[in-house]
Each structure stands twice: as C-alpha cells, then as structure tokens.
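These numbers come from a predicted model, not from an experiment.
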Amino acid sequence: MALASLTGLTSATPAPRLADSHGRVIHDLRVSITDRCNYKCVYCRTGEVGAQYPELAIEEYLRLIRRFVALGITKVRLTGGEPLLRRGLIELVSELKSLHTLTGEPLDLALTTNGHLLEDLAAPLKAAGLDRVTVSMDAVDAPTFERITRIPGSFQTVLRGVRAARTAGLTPLKINCVLLRGFNDDQVEGFARFAREEGVVVRFIEFMPIEEGRLWTPEIVVTLKEIVDRIGRVLPLVELPPREASETARRYTFADGVGEIGIIAPVSQAFCGACSRVRLTSDGKIRTCLFSQVEHDLYGRLRAGADDRELETYILRTVEGKEARHHIGEPGFLKPSRSMVHIGG
C-alpha cells in the first residue's frame with residue numbers, strides 16, 4: 001500500500017506527528033473492541049455490573065485506527081473487556097496487519113486477554129498477523145486464581161492458553177499480574193519461578209484506583225521495591241536497561257540470565273513524563289490518560305459525517321491537550337469516570 005493512500009495526504013503535504021503540549025510523541029494506541037468480559041475478577045469487577053457501553057462495527061474501528069496510524073501511531077494493542085469475545089477479531093487483525101507506519105514499517109500489533117479462549121484462537125491470530133499477546137493472570141495456583149476470577153476451572157484453561165500462544169509464536173509472551181496486599185501478594189515468588197519454567201515474561205502491576213466498587217488505599221499496593229527485594233532473596237535479580245524512554249516496566253533478569261520479570265509501578269514510581277499512549281474506548285471515545293475525567297467523542301464526529309482530514313484534525317487537537325500526569329495519592333484525586341474493564345487495559 002502506498003504511503004499516500006494510507007495517510008490520505010499527498011506526498012507534498014507531510015503528515016503532522018502526533019504529540020502533546022508537553023513534548024511527548026504519541027506512538028502507542030490501545031483500542032478496546034468490547035467492554036464485555038467472561039470473568040468477574042474481584043479487583044476489577046463488583047460482579048454486579050456487566051457490559052455498559054456499545055461496540056462499534058469492525059469497519060468503524062478500522063477507519064478510526066487508520067487515522068491514528070496516518071498521524072504516526074506505530075503500535076496498536078487490542079484490549080477489552082475481553083477482546084477474544086469479539087466476533088470479527090481475526091478479520092480485524094488481518095486488516096490491521098496490512099497497515100504500515102509513516103516510515104513504511106508494518107504496524108506493531110498486540111493483544112491483551114484473560115486467556116480463557118486463547119487455546120483455540122492463538123494459532124489463527126498468529127496466522128492473521130498478530131505479533132504477540134499479553135495474558136492477565138493473577139495467581140499461579142489454581143485455588144487462588146479461581147477465587148480471583150470467580151470461574152471454576154479457569155486456571156488450567158488459561159494455562160493451556162498460555163502454552164498454546166507460546167507454541168504459536170505470539171512472543172515475547174507476557175503475563176500481567178495485579179498484586180493486592182493480603183489477597184494475592186503471596187504469589188510473588190511463585191510467579192518468578194513461573195517466568196523461568198514457562199519461558200514467559202512476568203510483569204507485576206501495582207494496584208491502581210480504577211476498579212468497580214473496591215476502596216483503594218495506598219496500603220493495599222505492593223510496591224516495586226518490595227517485589228524486587230522479595231524475589232531477590234530467593235532468585236537474585238539483575239536490572240536490564242530500558243528498550244525505549246517510554247517503556248512502562250522496569251525490567252529484570254535473573255542472575256543466570258534465564259527468564260525475565262518486569263514491574264509496572266504507576267503508583268510508587270510514576271512514568272507519566274515519558275508516556276507515549278492514548279486509548280480508544282469500545283464506543284469510540286478518546287481517553288488521553290487512563291485517569292482522564294473527560295472523554296473525547298471521535299466516533300461522534302465519524303457518525304456526523306466528518307471526512308478523514310477532519311477526524312485527523314480532531315485527534316491532533318485532542319492529543320495536544322493530554323494531561324501532564326495522573327494524581328494518584330494526592331489530595332483531591334478523583335477516580336476516572338469508567339473502571340478498567342470499561343476503558344480497555
């Protein structure tokens with residue numbers, strides 16, 4: 001595909017780069033394709049609330065994503081809810097993989113999933129062009145895992161999905177674990193061993209105030225320092241250099257070089273200054289920060305008949321106003337208007 005046809009601009013009119021007023025170049029787009037989920041994880045859902053927002057047609061997601069790519073997006077991550085529930089996912093992946101960045105490279109295409117349907121979908125997703133997956137997995141023993149998901153038999157189902165994804169070549173395969181003190185923080189050392197035994201990258205994520213119904217406090221957060229100290233006592237760690245400035249995880253390998261863990265610490269060591277991402281919700285709203293109080297209705301412009309240039313102008317103006325940082329733990333902090341399952345991971 002020619003670059004001009006991809007961007008909708010002539011070669012004499014170079015595309016503006018997507019950047020905010022704080023000098024950050026935005027190249028990472030996370031797109032929720034549904035807010036439905038087949039799990040009711042206790043740190044995320046109350047269990048009482050299901051899907052709340054509509055979904056766009058696959059063709060509409062494609063049109064909006066193309067406008068972001070025309071402005072410099074190089075990485076797209078499909079999220080939910082649970083994106084594997086969405087009909088048309090394989091076709092969406094195939095169409096996205098045909099896109100190219102402004103420099104002519106293939107789009108970097110990833111997906112975050114709870115893994116429950118991954119065993120059967122891993123190979124078709126890889127064949128369609130998906131580069132890698134991240135699996136949300138909050139325990140490495142079955143009873144704890146099933147207490148978190150509230151789905152009997154879920155641990156073995158997800159474990160088979162993880163192994164199928166690794167076999168299909170959806171690598172580096174990452175496992176995301178959200179830690180809550182007094183709930184699953186006893187899984188830290190087990191996850192370190194899991195990283196080595198299963199050939200995956202385990203990433204611990206500090207618990208953020210973005211859940212349904214649960215009262216977040218700083219005391220429930222298991223911090224980066226505590227995680228590193230605990231793992232280091234049983235399996236010595238060596239810190240790895242970041243691959244890029246906007247990388248969210250602090251990366252470590254083990255002393256013998258086998259295996260990797262990462263720690264995403266938005267609470268204790270915020271990384272807002274190098275943020276390179278924006279989000280598109282399942283109903284077509286731009287969220288410039290996970291903790292935004294305001295959403296920007298890109299889909300509304302599409303439905304009103306905006307052409308591609310008008311959509312791009314709206315995206316540029318919206319991203320320019322991206323917040324400098326979140327305010328977790330500060331006086332007056334407000335939780336975002338949606339919980340995580342309704343924003344997109």
Student: May I ask you to establish whether R147 and F183 are in a cation-pi arrangement, using a distance under 6.0 Å from NZ or CZ to the six-membered ring centre and at most 45° from the ring axis?
Tutor: yes
Student: So, the side chain of K174 versus the backbone of V200: is there a donor-acceptor pair under 3.5 Å, distance only?
Tutor: no
Student: When you compare the side chains of T112 and T79, does any donor N or O come within less than 3.5 Å of an acceptor on the partner?
Tutor: no
Student: Output yes when K225 and D229 qualify as a salt bridge under the 4.0 Å nitrogen-oxygen rule, no when they do not.
Tutor: yes
Student: Indicate the atoms forming the closest heavy-atom contact of D185 with L179, along with that distance.
Tutor: CA-CD2, 4.2 Å
Student: Heavy atoms only: give me the nearest V162-M137 pair and the separation to one decimal.
Tutor: CG2-SD, 4.4 Å
Student: Looking only at heavy atoms, which two atoms of L130 and L170 are closest? And how far apart?
Tutor: O-CD2, 3.4 Å
Student: So does P241 get a backbone contact from the side chain of R251, meaning a donor-acceptor N/O pair under 3.5 Å?
Tutor: yes
Student: Any sub-3.5 Å donor-acceptor pair from R181's side-chain atoms to V221's backbone N or O?
Tutor: yes
Student: Hey, are the side chains of V188 and D186 touching, using non-hydrogen atoms and a 4.5 Å cut-off?
Tutor: no
Student: Check whether H100 reaches the backbone of S98 with its side chain - one donor and one acceptor, N or O, closer than 3.5 Å.
Tutor: yes
Student: Are Y39 and L89 linked, directly or through other ILVMFWY residues, by side chains that come within less than 4.5 angstrom of each other?
Tutor: yes
Student: Does the side chain of R36 pick up a donor-acceptor pair with the side chain of S282 at under 3.5 Å?
Tutor: no
Student: Under 4.5 Å between any side-chain heavy atoms of F254 and I231, yes or no?
Tutor: yes
Student: Measuring from L302:CG to E310:CD, what's the distance to the nearest 0.5 Å?
Tutor: 11.0 Å
Student: For a 4.5 angstrom cut-off between non-hydrogen side-chain atoms, does T253 reach V258?
Tutor: no
Student: If only atom types and distance count, is the side chain of S136 paired as donor or acceptor with the main-chain N or O of N176 below 3.5 Å?
Tutor: no
Student: Could you tell me whether E55 and R87 have a side-chain N and a carboxylate O separated by less than 4.0 Å?
Tutor: no
Student: Would you compute the distance between atom NE2 of H116 and atom OG1 of T113 and round it to the nearest 0.5 angstrom?
Tutor: 10.0 Å
Student: Using modelled atom types and a 3.5 Å cut-off, is there a donor and acceptor pairing between side-chain atoms of E206 and backbone atoms of L224?
Tutor: yes
Student: Does one hydrophobic cluster hold both L237 and V201, with members joined at side-chain heavy-atom distances below 4.5 Å?
Tutor: no
Student: With side-chain hydrogen bond (donor to acceptor under 3.5 Å, both in side chains) as the criterion, how do T101 and T74 come out once you've worked through the C-alpha distance, each side chain's angles and the decisive distance to 0.1 Å?
Tutor: CA-CA 6 Å; T101 68; T74 61; over 6 Å; no
Student: Would you say the side-chain atoms of D141 and Q187 include a donor-acceptor pair closer than 3.5 Å?
Tutor: yes
Student: Working to the nearest 0.5 Å, report the span between CG of L240 and CD of E260.
Tutor: 5.5 Å
Student: Starting at CG of L78, measure out to OG1 of T34 and round the result to the nearest 0.5 Å.
Tutor: 12.0 Å
Student: Please determine, by modelled atom types, if E295 and T281 share a side-chain donor-acceptor pair under 3.5 angstrom.
Tutor: no
Student: Hey, is the main chain of L64 close enough, under 3.5 Å, to the side chain of Y299 for a donor-acceptor pair?
Tutor: no
Student: Do the side chain of D138 and the main chain of V178 share a donor and acceptor less than 3.5 angstrom apart?
Tutor: yes
Student: Is any side-chain N of the basic residue among E198 and R166 closer than 4.0 Å to the acidic one's carboxylate O?
Tutor: yes
Student: Given S292, which of R287, K322, K285, E323 fulfils the side chain to side chain donor-acceptor pair (under 3.5 Å) condition?
Tutor: E323
Student: Show, in sequence, the C-alpha distance, side-chain angles and deciding distance for L111 and L84, and conclude whether the side chain to side chain contact (heavy atoms under 4.5 Å, CB included) test is met.
Tutor: CA-CA 9 Å; L111 180 145; L84 299 190; 4.0 Å; yes
Student: So does D131 pair up with K126, basic N to acidic O under 4.0 Å?
Tutor: no
Student: Which pair of heavy atoms, one from N114 and one from E82, lies closest together, and at what distance?
Tutor: N-OE1, 2.7 Å
Student: Closer than 4.0 angstrom, basic N to acidic O: yes or no for R163 and E119?
Tutor: no
Student: Could you check whether any side-chain N or O of T171 sits under 3.5 Å from a backbone N or O of L173, counting only pairs where one atom can act as donor and the other as acceptor?
Tutor: no
Student: Looking at R67 and D308, is there a salt bridge between them, counting it only when a charged N and a carboxylate O are closer than 4.0 Å?
Tutor: yes
Student: Decide yes or no for N184 and C177: does some side-chain heavy atom of the first lie under 4.5 Å from some side-chain heavy atom of the second?
Tutor: yes
Student: State, with a plain yes or no, whether a side-chain heavy atom of L18 is found less than 4.5 Å away from one of I73.
Tutor: yes
Student: Mind checking whether V234 and V238 sit in one hydrophobic cluster, side chains of I, L, V, M, F, W, Y counted as touching below 4.5 Å?
Tutor: no
Student: Any side-chain heavy atom of R196 sitting closer than 4.5 Å to one from L235?
Tutor: yes
Student: How long is the gap from CZ on F204 to CD1 on I264, to the nearest 0.5 Å?
Tutor: 11.5 Å
Student: Would you call R193 and E189 a salt bridge, using N to O less than 4.0 angstrom?
Tutor: no
Student: Go through the structure and list residues passing side-chain hydrogen bond (donor to acceptor under 3.5 Å, both in side chains) with Y252, not counting sequence neighbours.
Tutor: none
Student: Checking the side chain of T144 only, and the main-chain atoms of V140 only, is there a donor and an acceptor separated by less than 3.5 Å?
Tutor: no
Student: Which heavy-atom pair separates V133 from L118 by the least distance, and what is that distance?
Tutor: CG2-CD2, 4.3 Å
Student: Could I get the full list of ring pair (Phe, Tyr, Trp, His ring centres under 6.0 Å) partners for F145, not counting sequence neighbours?
Tutor: F155
Student: So, for E95 and L62, which heavy atoms are closest and what is the spacing to 0.1 Å?
Tutor: CB-CD2, 3.6 Å
